[in-house]
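Since the structure comes first, as structure tokens, the remarks are kept for the end.
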Amino acid sequence: MTNPQIAAALEELAVLYQLDGADRYRVLAYVNSARTIRSEGSSVEEMAKNGTVTSLPGVGKTLEEKIIALVETGEIPAAAKLKEKLPAGLIEMNRIPGLGPKTVRRLHDELDVSTLDELKAAAEAHEVSAMKGLGPKQEANIVEGIERLQAEPEGPERKRLDEILPIAEELVEILREHASCEEAEIAGSVRRLTDTCKDVDLIATSESPKELATHIAGGKPVASAGKPSETGVRLETHTGVGVDVRIVEPDAFGNLLQHFTGSAAHNERLRAIAVKEGLHVSENGVLDDKTGKTDLFKTEKEVYKRLGYDYIEPELREQRGELEAARDGKLPKLISRQDIKGDLHCHTTLSDGHDTLEEMAEAAQELGYEYLAITDHSASHGFGDHVTPDRLWQRIEEVSRYNEGNAKSKKNFRLLAGSEVNIGTKGELDYEDDLLDALDWVIASIHTSFSKDEKKMTSRMIAAIENPLVDCIGHPTGRLLNKRDPYPLNIGEAISAAFESGTLFEINSNPQRRDLNDIHARMAADAGVGIVINTDAHRAETLSYINYGIATARRAWLGPDQVLNTGEWWK
DNA sequence: GCCGTTTTCGGCCCGACTGTTTTCAGTCG
């Protein structure tokens, strides 16, 4: 059972407890433990079985028991029991925006409704607005919410960062162009550069906030807008992205930016620690119990300093140890775009790429790189764009001639002859050893047979890792964001094997992949596995995807020393 | 349900908004 599956089961139990009227802090304990488990790199199932799961923060004796029952029997007894008592429809009702567990429970008890259809019928018969504390607006909201839920049962999909970032940047420019706008920034998960984002948070300072809110509401990308107010406005773009714009007075810009950048978990921990020191942190400032005074700060750096921390980069604010590190002066120096000296994974017209070897080389030099590995697909790629051994031998010659030409003109740039070879179902590669040996650089990737079980996939992967001719594993888990789950793989075992054999792992920068992800990349680097950040570009323009890979590396706490293509070509 | 330099019980982050109410509970981020 994967960590996200365990987390989902605990979240469901939290909702069930909530509907059952449990103490809110008990509910919170389940929500928090689910969050911890979701961002844990090691297998929580294994931790539960070997008795170490209580080492996770927020997981105690009771949760340990429940997790063990879950991984052994597939369900948590307490959840099964509550499900007998509370119809499944109640969990669905809880997903109606604006409707929480308290109201859902009252609707069930007082109107005897157990399904979405029954609730909708009751609302349409105006039974809801007849209840104490509920009125016509709630009733209309319920009908609308049910219709939306039935049309789109999964709820709105989170957008990938590359789909949402350009919109956020366009909107923040529209804020900045207004005369009354002093400062405007992207906040929220977009600023933390997460893989996917639910919506866009923008913050700004202005002496005429309502005017600024009205201005952004009339922006070109905006399809609809709520009522602009003194504190901001809520928008929806033509592409269906929700946008929250928050505006405050200029003096509190640092507090506001810190607050709305999140993550929620980071801020909750930050505030909990502050309370012990008599400080209360919010978007409106830092209140000191001793003096009764609230301090406002123009920059985030000052906010963190006031609370006793070094400045924490947004990508690190995920409640993964960054607060402790910032207090002890032990935050890592993160990698940045300027550190990257070359790209070690791209495709040309030889296989399925759009541009020629020369065009890719040209683009790499424009990015200031010193080297670029040409890694077209291998002999069994299929789709009519496989590369035969003969053709790859020729390609090695072409690369060599290109480099000779460059040497004459004294350019500090070279191409590397490489390949992205397929890992077969038993871990075998699809070129002969002498050809692989003649290449400068070999990436091995899994492109077929994703549905084998974890044991088979792991041993297949480890066979490739242990092959001395393999330099690097490409997109190691095979996921496609919002499209395809990672194949089953024991990442911990793969990391150990890679460390033993000196094989590198790739962070694939394609924004649909970002694979390794932040959690696994941090795990691999902590275990001493070398990381390379590649784009897997299939055309010259997409060499710029490197920024997404760097974002993942930063979220993984990586510095330039842990990423090999920050130095000159080493082989 | 978890946790501990306010320790084994009594706390547990913060504020805005909404819809319903005349002071607030519930929901959300």
Side-chain angles (χ1 to χ4, degrees), chain A residues 10 13-37 53-67 76 78 93-107 128-142 145 187-190 192 197-203 226-227 229-234 242-248 252 255-256 258-287 289 294 303 307 319 323:
Chain A
L10 294 174
L13 182 54
V15 174
L16 286 165
Y17 274 137
Q18 236 176 344
L19 289 167
D20 197 40
D23 172 69
R24 53 190 284 245
Y25 293 107
R26 188 160 155 233
V27 173
L28 202 60
Y30 285 90
V31 173
N32 285 338
S33 66
R35 190 152 61 189
T36 303
I37 287 166
V53 74
T54 52
S55 67
L56 294 172
V59 178
K61 221 50 210 152
T62 307
L63 268 151
E64 178 183 40
E65 267 174 41
K66 291 194 158 77
I67 294 167
I76 304 172
M93 289 177 202
N94 199 53
R95 293 179 53 212
I96 298 170
L99 214 56
K102 291 246 164 64
T103 316
V104 167
R105 189 59 201 264
R106 278 192 60 209
L107 291 165
V128 172
S129 57
M131 283 168 65
K132 191 172 161 55
L134 296 175
K137 289 213 171 160
Q138 282 274 27
E139 195 165 71
N141 173 59
I142 285 170
S189 58
V190 182
R192 302 198 312 279
C197 308
K198 184 163 77 70
D199 56 14
V200 173
D201 289 297
L202 300 177
I203 63 158
K227 200 166 160 241
S229 75
E230 298 294 325
T231 58
V233 64
R234 169 87 189 170
V243 183
D244 263 323
V245 183
R246 299 287 308 240
I247 308 170
V248 287
N255 304 88
L256 186 71
Q258 195 285 323
H259 179 85
F260 279 101
T261 296
S263 65
H266 171 88
N267 282 350
E268 280 165 27
R269 173 107 177 117
L270 176 89
R271 291 192 286 257
I273 295 170
V275 165
K276 291 185 181 145
E277 292 156 10
L279 300 169
H280 303 271
V281 185
S282 79
E283 63 267 49
N284 303 321
V286 179
L287 168 66
D289 280 340
T294 298
V303 176
L307 299 171
Q319 169 52 5
L323 287 164

Write down the protein N/O and nucleotide N/O pairs, taken from nucleotides 8-10 of chain B, whose separation is under 3.5 Å; answer none if there are no such pairs.
none

Practice item. Using a heavy-atom cut-off of under 4.0 Å over every strand shown, decide if A:Q138 touches base, sugar-phosphate, or nothing. Key: sugar-phosphate
Within the sub-3.5 Å range, which N or O atoms of nucleotides 23-27 of chain B have a protein N or O partner, and how far apart are they?
{"from": "B:dG26", "atom 1": "O3'", "to": "A:T103", "atom 2": "OG1", "distance (Å)": "3.3"}
{"from": "B:dT27", "atom 1": "OP1", "to": "A:G100", "atom 2": "N", "distance (Å)": "2.5"}
{"from": "B:dT27", "atom 1": "OP1", "to": "A:G100", "atom 2": "O", "distance (Å)": "2.9"}
{"from": "B:dT27", "atom 1": "OP1", "to": "A:T103", "atom 2": "N", "distance (Å)": "3.3"}
{"from": "B:dT27", "atom 1": "OP1", "to": "A:T103", "atom 2": "OG1", "distance (Å)": "2.8"}
{"from": "B:dT27", "atom 1": "O5'", "to": "A:G100", "atom 2": "N", "distance (Å)": "3.4"}

Review point. Should B:dT7 be called syn or anti, with syn set as within 90° of 0?
Key: syn
Point to revise | Whole-Å C1' distance, B:dC12 and B:dT6 | key: 13 Å
Check your understanding: On a whole-Å scale, what distance lies between the C1' atoms belonging to B:dG4 and B:dT8?
Key -> 9 Å
Point to revise | Any side-chain heavy-atom pair of A:L134 and A:I142 under 4.5 Å | key: no
Check your understanding: CZ of A:R24 versus P of B:dG11: gap in Å, rounded?
Key -> 14 Å
Review point. B:dC14 C1' sits how many Å from A:H259 NE2, rounded?
Key: 7 Å
Practice item. Take atom NE2 of A:H280 and atom P of B:dC13, then tell me their distance rounded to the nearest Å. Key: 11 Å
Practice item. Flag the pair A:H280 / A:T294 as yes when at least one side-chain heavy-atom distance between them is below 4.5 Å, and no otherwise. Key: no
Exercise for review: Give A:A264 one of three labels, base, sugar-phosphate or nothing, depending on what nucleic acid heavy atoms sit under 4.0 Å from its own.
Suggested key: nothing
Check your understanding: So do A:D201 and A:R246 actually touch side chain to side chain, heavy atoms under 4.5 Å?
Key -> no
Point to revise | Interatomic distance, A:D289 atom CG to A:L279 atom CG [nearest 0.5 angstrom] | key: 7.5 Å
Revision key, fill the gap. Taken to the nearest whole Å, CD/A:E268 to P/B:dG15 is 14 Å
Review point. Atom CG in A:N141, atom CD1 in A:I96: separation rounded to 0.5 Å?
Key: 8.0 Å
**Study point:** Contacts of type side chain to side chain contact (heavy atoms under 4.5 Å, CB included), residue A:E65, not counting sequence neighbours
**Key:** none
Practice item. Indicate, with a heavy-atom threshold strictly under 4.0 Å, whether A:L134 touches base, sugar-phosphate, or nothing. Key: sugar-phosphate
Check your understanding: Quick one: CD on A:Q18 to NZ on A:K102, what's the gap to the nearest 0.5 Å?
Key -> 8.0 Å
Review point. Using the C1' atom in both, what is the distance from B:dG1 to B:dT5, to the nearest Å?
Key: 23 Å
Review point. What's the spacing between A:L99 CG and A:N94 CG if we round to 0.5 Å?
Key: 7.5 Å
Check your understanding: In Å and rounded to the nearest 0.5 Å, what is the CD to OG distance from A:Q319 to A:S263?
Key -> 7.5 Å
**Study point:** Nearest-Å distance for atom pair CG/C1', residues A:L279 and B:dC14
**Key:** 14 Å
Revision key, fill the gap. From CG of A:N267 across to P of B:dG15 the rounded distance in Å is 13 Å
Show the distances under 3.5 angstrom between N or O atoms of the protein and N or O atoms of nucleotides 1-6 of chain B.
{"from": "B:dG1", "atom 1": "OP2", "to": "A:R26", "atom 2": "NE", "distance (Å)": "3.2"}
{"from": "B:dG1", "atom 1": "O5'", "to": "A:R26", "atom 2": "NE", "distance (Å)": "3.4"}
{"from": "B:dG1", "atom 1": "O6", "to": "A:D23", "atom 2": "OD2", "distance (Å)": "3.3"}
{"from": "B:dC2", "atom 1": "OP1", "to": "A:G60", "atom 2": "N", "distance (Å)": "2.7"}
{"from": "B:dC2", "atom 1": "OP1", "to": "A:G60", "atom 2": "O", "distance (Å)": "3.4"}
{"from": "B:dC2", "atom 1": "OP1", "to": "A:L63", "atom 2": "N", "distance (Å)": "3.3"}
{"from": "B:dC2", "atom 1": "OP2", "to": "A:T62", "atom 2": "OG1", "distance (Å)": "3.3"}
{"from": "B:dC3", "atom 1": "OP1", "to": "A:G58", "atom 2": "N", "distance (Å)": "2.8"}

Review point. Sequence neighbours excluded, which residues qualify as salt bridge (charged side-chain N to carboxylate O under 4.0 Å, His left out) partners of A:E277?
Key: A:R327
Check your understanding: Hey, does A:K198 reach any base, or is it just sugar-phosphate, or nothing, if we go heavy atoms under 4.0 Å?
Key -> sugar-phosphate
Review point. When you compare B:dG15 with B:dG10, how far apart are their C1' atoms, in angstrom units rounded to a whole number?
Key: 25 Å
Practice item. List in chain and number order the residues that pass salt bridge (charged side-chain N to carboxylate O under 4.0 Å, His left out) with A:R105, two or more places apart in sequence or in another chain; answer none if no residue qualifies. Key: A:D20, A:D109
Check your understanding: Is a donor on one side and an acceptor on the other found under 3.5 Å between the side chain of A:R192 and the backbone of A:T261?
Key -> yes
Practice item. Using a cut-off of strictly less than 4.0 Å, decide whether A:T231 has a side-chain nitrogen or oxygen near OP1 or OP2 of B:dC17. Key: yes
Review point. Taking the same atom, P, in B:dC14 and in B:dT23, what whole-Å distance lies between them?
Key: 27 Å
Point to revise | A:L28 CG to B:dG11 C1', straight-line distance once rounded to whole Å | key: 13 Å
Point to revise | Position toward the 5' end of DNA chain B (nearest nucleotide), A:P136 or A:N284 | key: A:N284
Point to revise | Inter-nucleotide P distance (B:dC17, B:dG11), Å rounded | key: 31 Å
Practice item. Using the P atom on both, measure B:dT20 against B:dC28 and round to a whole Å. Key: 15 Å
Check your understanding: Rounded to whole angstrom units, what separation is found between the CZ atom of A:R234 and the P atom of B:dT18?
Key -> 12 Å
Check your understanding: What is the base-pairing partner of B:dT8, counting Watson-Crick and G-U wobble geometry with both distances under 3.5 Å?
Key -> none
Check your understanding: Between the main-chain N or O of A:H259 and the side-chain N or O of A:E283, is there a donor-acceptor pair closer than 3.5 Å?
Key -> no
